[in-house]
**Q** 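Next up is a structure, given as structure tokens.
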There are 2 protein chains.
Amino acid sequence: MTLTEENYLKALFHLSTENEEVSVLDLSKSLTIKMPTVNSMVKKLSGKGLISYEKYKPLMLTQSGKRAAGLIIRKHRLVEMFLVQHLGFGWDEVHEIAEQIEHIKSQRFFDRIDQLLDFPKVDPHGSPIPDINGEVVFQNYKKLEECVENQMVMFMSVGSSQDSFLKLIDKLNLKLGDIIKVLEIQEFDKTMRVLVNETSEQNLSQMVAANILVKT
Amino acid sequence: MTLTEENYLKALFHLSTENEEVSVLDLSKSLTIKMPTVNSMVKKLSGKGLISYEKYKPLMLTQSGKRAAGLIIRKHRLVEMFLVQHLGFGWDEVHEIAEQIEHIKSQRFFDRIDQLLDFPKVDPHGSPIPDINGEVVFQNYKKLEECVENQMVMFMSVGSSQDSFLKLIDKLNLKLGDIIKVLEIQEFDKTMRVLVNETSEQNLSQMVAANILVKT
DNA sequence: AATTTTTGTTAGACTAATCTAACATTTTAG
DNA sequence: CTAAAATGTTAGATTAGTCTAACAAAAATT
């Protein structure tokens, strides 16, 4: 598979987990590649049995397409974990590099990284690392936004990996694993005042709270 | 620069250190890319000021071409070192993976690897790692082949990185840094009987001895 | 010095991945 | 339910990197 094909599969995989149906336009926007190009690549991948495609119908990954995409995402997330844990990168710096390294052709390279990291189950953003069959374990975390006053939860994952969001979380001194207690929710704008690890108080806008995924 | 362009520069750099003059045919053979393709790529790189090219004349890297090539080789060798020292690969397994990772676009990635390795000066094969300006320090090692009876030398580098040669050296239990004493040279075929680290005796064919680079 | 061989160049075709322009279908809205 | 808008498809052009075939120059050989 070419690097380009891998990127199409990965994008379709991500869109499929976020939306019920995925259109050519969705895929086109997500890759910032024009629709006719996407259209022809989709046909090509359909020919390879990775995408099931019928004219004017929503796009779907086949079983083998899902597996292939899962394996690429596995590589991506393993690499992100490696970059953070062994090369000292911040969680906001790793995406771009992992995008490149995920395409390296060497099973053993990724096996060794997996081993070096002691077989991690999540990446630095709390997203699950697919297993060696490309299978992802679904996480049913809740958005902090949905929590009520006085509830105590643990910060497990982020809903966005946008640079600006991750940097903000850093600035707020929040880390995965932190215990968050909801102290007060402003009725007007849903801003939350929270207590982190029983020590520091922070105010979180609704938009931030919506991207903080927690376990109760 | 594209991956392809980087590979042309690297190949030309290597050929230039091995030979006084490098022809289009040499480069073509070394890349296993047909001459007309090489010809047009050489023109392209000449247009970018990386190769100085005149019709029917030998090929030469410009200063900036040399620097660019040196920096790619630096990345390659840093990665090889990392693969051996931190991921447990054998020195015969790292070339192919390094060929891919050397093209990653991220200065910081390689800086961190350099730091993690504590700024190594040579790669796992004893080849020098170019500095941050792509400058290579010339090593004037001698071939073991050229040594005389009773001479004691240190194994510093290999003259070939062919898989089969590296595996053979492993099988002979030879490692970089070993002390080699020449016990006897067969007049007939120049086979050498050597003593390694004062302990194990080995017989080395002339071809092997020619690819063992030593410091006296 | 002339001829042959080797090396180098030019011209033109092919593939993968992209694009724009034009056309077609489906969905949405009045 | 038709017209407009949104989405999807087809056709054809473009670029990077490759190739083969044909031709040209330089080097080697006789």
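Protein chains get the first letters and strands the later ones, always in sequence-line order, with residue 1 at the start of each. The structure presented is a predicted model; accordingly, all values stated were derived computationally and were not measured.
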**Q** Measure CG/A/Asp26 against C1'/D/dG8 and give the value in whole Å, please.
**A** 12 Å
**Q** Is B/Glu6 salt-bridged to B/Lys105, going by a charged N under 4.0 Å from an acidic O?
**A** yes
**Q** Does A/Tyr8 place a side-chain N or O at less than 4.0 Å from the phosphate oxygens OP1/OP2 of C/dA16?
**A** no
**Q** Under the side chain to side chain donor-acceptor pair (under 3.5 Å) test against B/Lys10, which residue among B/Glu102, B/Glu5, B/His76 passes?
**A** B/Glu102
**Q** Taking only N and O in the side chain of A/Thr2, is any of them less than 4.0 Å away from OP1 or OP2 of C/dA17?
**A** yes
**Q** Apply the side chain to side chain contact (heavy atoms under 4.5 Å, CB included) test between B/Ile212 and each candidate in B/Val158, B/Ile169, B/Leu172; give the one that qualifies.
**A** B/Ile169
**Q** Taking OP1 and OP2 of D/dA6, is either one under 4.0 Å from a side-chain nitrogen or oxygen of A/Tyr56?
**A** no
**Q** For D/dC19, does OP1 or OP2 lie under 4.0 Å from any side-chain N or O of B/Thr37?
**A** yes
**Q** Compute whether any side-chain donor of one residue and acceptor of the other, for B/Asp111 and B/Gln107, lie under 3.5 angstrom apart.
**A** yes
**Q** Could you work out which one of C/dT18, D/dT20, C/dG8 sits closest to the side chain of B/Leu25?
**A** C/dG8
**Q** Rounded to the nearest angstrom, tell me the gap between atom CE in B/Met41 and atom P in D/dC19.
**A** 11 Å
**Q** Could you tell me how far apart A/Met35 (CE) and C/dA24 (C1') are, to the nearest whole angstrom?
**A** 12 Å
**Q** Starting from the 5' end of DNA chain D, give me the residue, A/Glu54 or B/Pro36, whose nearest nucleotide shows up first.
**A** A/Glu54
**Q** Looking for any heavy atom pair under 4.0 Å, which part of the strands does A/Ser23 touch: base, sugar-phosphate only, or nothing?
**A** sugar-phosphate
**Q** Should A/Lys55 be listed as having a side-chain N or O under 4.0 Å from OP1 or OP2 of D/dT10?
**A** yes
**Q** How many Å lie between NZ on A/Lys44 and C1' on C/dT15, as a whole number?
**A** 9 Å
**Q** Taking only side-chain nitrogens and oxygens of A/Asn39, does any of them come within less than 4.0 Å of OP1 or OP2 of D/dT9?
**A** yes
